[in-house]
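Single-structure report; data block below.
Computed from a predicted structure; not experimentally measured.
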Amino acid sequence: LQTRVSVMVKTRSQAYGKGGGGSAGEDDPAPPPTLAIFSVYLGLGCALSYSFGRDLGTFPTADELARDVSPTIVIICLFLVSYSLLDVMAVGAAKQKYGFSAKQFGPWIHNPPEEVYLALRAQTNQVEQLPGFIVGALSFSILVNGTVGAVLSLIWTALRRMYASRYRSAMGKTIRDSGIVNLTIPAYFALNAMLMGTAVHCVRLILS
């Protein structure tokens with residue numbers, strides 16, 4: 001079992017390299033320092049809070065707040081439905097295609113067919129991103145600006161839908177060739193801009 005897992009990891013690591021035959025990370029530039037990335041997120045948060053944030057110490061009425069936040073809630077609900085229909089069901093369809101119900105769990109757990117593996121990873125990655133998105137979208141729309149929050153939420157949702165689609169269709173491709181990185185980075189910026197915008201606005205309110 002240990003040998004099988006080691007071979008699988010080695011094979012997938014090689015696939016991440018250029019042309020599917022290089023070592024992992026070959027020819028890939030190193031990511032920027034974490035502090036530099038955080039500084040960019042903080043700058044975006046400050047820009048959103050100071051440019052579009054509610055006046056400090058004021059809060060809309062219940063009816064105004066409901067209208068303000070409704071677009072963001074609609075986007076969240078539609079994304080969750082799309083997750084169920086497109087991401088979760090895609091995993092089931094891929095498993096059914098390869099006769100999952102008639103196979104033992106052991107071999108499938110450690111070495112699933114590529115199509116099944118990609119569908120699982122796309123679905124799992126959506127789950128990994130969901131908590132931050134829901135918290136960021138709702139908190140920003142409630143505390144900072146509902147309209148801007150809805151726009152950023154829509155951008156994030158569109159990017160994540162394209163990301164999952166490309167991930168599932170990446171059979172035989174490297175990570176670079178699949179193009180998912182080009183969708184991941186803008187999605188991170190949209191999400192973390194909302195989170196930092198909310199944090200900055202709350203700090204401003206506490207210090208006012």
Side-chain angles (χ1 to χ4, degrees), residues 34-93 119-168 179-208:
T34 301
L35 183 58
I37 300 174
F38 176 79
S39 299
V40 173
Y41 291 158
L42 179 60
L44 290 172
C46 289
L48 291 173
S49 174
Y50 282 94
S51 300
F52 303 103
R54 305 185 192 279
D55 293 335
L56 298 179
T58 64
F59 202 72
T61 64
D63 289 342
E64 292 172 339
L65 181 62
R67 285 193 296 269
D68 211 19
V69 180
S70 288
T72 298
I73 294 177
V74 169
I75 292 170
I76 292 174
C77 291
L78 290 177
F79 178 79
L80 292 174
V81 172
S82 74
Y83 163 76
S84 176
L85 293 175
L86 300 178
D87 299 316
V88 176
M89 292 185 67
V91 175
L120 281 167
R121 276 304 307 148
Q123 183 259 331
T124 303
N125 197 271
Q126 297 285 48
V127 174
E128 293 168 355
Q129 300 295 320
L130 267 178
F133 168 61
I134 294 176
V135 171
L138 288 177
S139 61
F140 186 93
S141 297
I142 293 172
L143 298 174
V144 185
N145 188 298
T147 301
V148 176
V151 171
L152 290 173
S153 297
L154 183 60
I155 292 172
W156 185 91
T157 297
L159 290 169
R160 293 300 305 180
R161 286 266 48 94
M162 290 188 288
Y163 171 92
S165 177
R166 288 194 188 182
Y167 211 148
R168 285 191 295 269
I180 61 175
V181 175
N182 297 330
L183 300 170
T184 300
I185 295 175
Y188 279 141
F189 274 88
L191 172 57
N192 286 284
M194 289 191 288
L195 291 170
M196 290 306 300
T198 303
V200 169
H201 209 67
C202 288
V203 171
R204 291 179 59 203
L205 180 60
I206 292 171
L207 298 178
S208 65

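- Looking at heavy atoms from C-beta onward, T72 lies out of side-chain contact with I142 at the 4.5 angstrom threshold.
- In this structure the side chain of L130 reaches within 4.5 angstrom of the side chain of F79, judged on heavy atoms.
- In this structure, OG on S84 lies 12.5 Å from CD on Q126, to the nearest 0.5 angstrom.
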- request: I would like to know whether I37 and Y188 meet side-chain contact (heavy atoms from CB on, under 4.5 Å); could you show each step before the answer?
  value: CA-CA 11 Å; I37 300 174; Y188 279 141; over 6 Å; no
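- In this structure, I134 CD1 and L191 CG are separated by 11.0 Å, a value rounded to the nearest 0.5 Å.
- L48 is listed as a side-chain neighbour of L152, based on a closest heavy-atom distance under 4.5 Å.
- Rounding to the nearest 0.5 Å gives a distance of 12.0 Å between CZ of R121 and CG of D87.
- Looking only at side-chain heavy atoms (C-beta outward), Q123 and M89 stay at 4.5 Å or farther from each other.
- Side-chain atoms of C202 and T198, non-hydrogen and from C-beta on, do get closer than 4.5 Å to each other.
- More than 12 non-hydrogen atoms from other residues, nucleotides or ligands lie less than 6.0 angstrom from CZ of F59.
- If you take OG on S49 and CG on L44, they are separated by 12.5 Å, rounding to the nearest 0.5 Å.
- Smallest separation of non-hydrogen atoms from G146 and R54: N-NH2, 4.2 Å.
- Atom OG1 of T184 and atom CG of N125 lie 7.0 Å apart (nearest 0.5 Å).
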query: Under the side-chain contact (heavy atoms from CB on, under 4.5 Å) criterion, do S153 and I76 qualify, and how do the steps go?
result: CA-CA 8 Å; S153 297; I76 292 174; 5.6 Å; no
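- At least one cation-pi condition fails for R160 and Y83: the charged atom is not both under 6.0 angstrom from the six-membered ring centre and inside a 45 degree cone around its axis.
- Counting all heavy atoms, side chain and backbone alike, L56 lies closest to S208 at CD1-CB, 4.1 Å.
- With rounding to the nearest 0.5 Å, the separation of OG in S39 from CG in L35 is 4.5 Å.
- When all heavy atoms of F140 and M194 are compared, the pair lying nearest together is CD1-O, 3.4 Å.
- Heavy-atom minimum distance, A90 versus A119: O-CB, 4.1 Å.
- A donor-acceptor contact shorter than 3.5 Å links the side chain of N145 to the backbone of F52.
- Counting heavy atoms from C-beta outward, F189 and P186 have side chains that stay 4.5 Å or more apart.
- When all heavy atoms of D68 and T147 are compared, the closest pair comes out as OD1-N, 4.0 Å.
- Nearest heavy-atom pair across H201 and G53 is CE1-CA, 3.6 Å.
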task: Take T124 and E128, measure what side-chain contact (heavy atoms from CB on, under 4.5 Å) needs, and give me the verdict at the end.
output: CA-CA 6 Å; T124 303; E128 293 168 355; 3.7 Å; yes
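- Aromatic ring orientation, W156 versus F133: parallel (interplanar angle below 30°, classes split at 30° and 60°).
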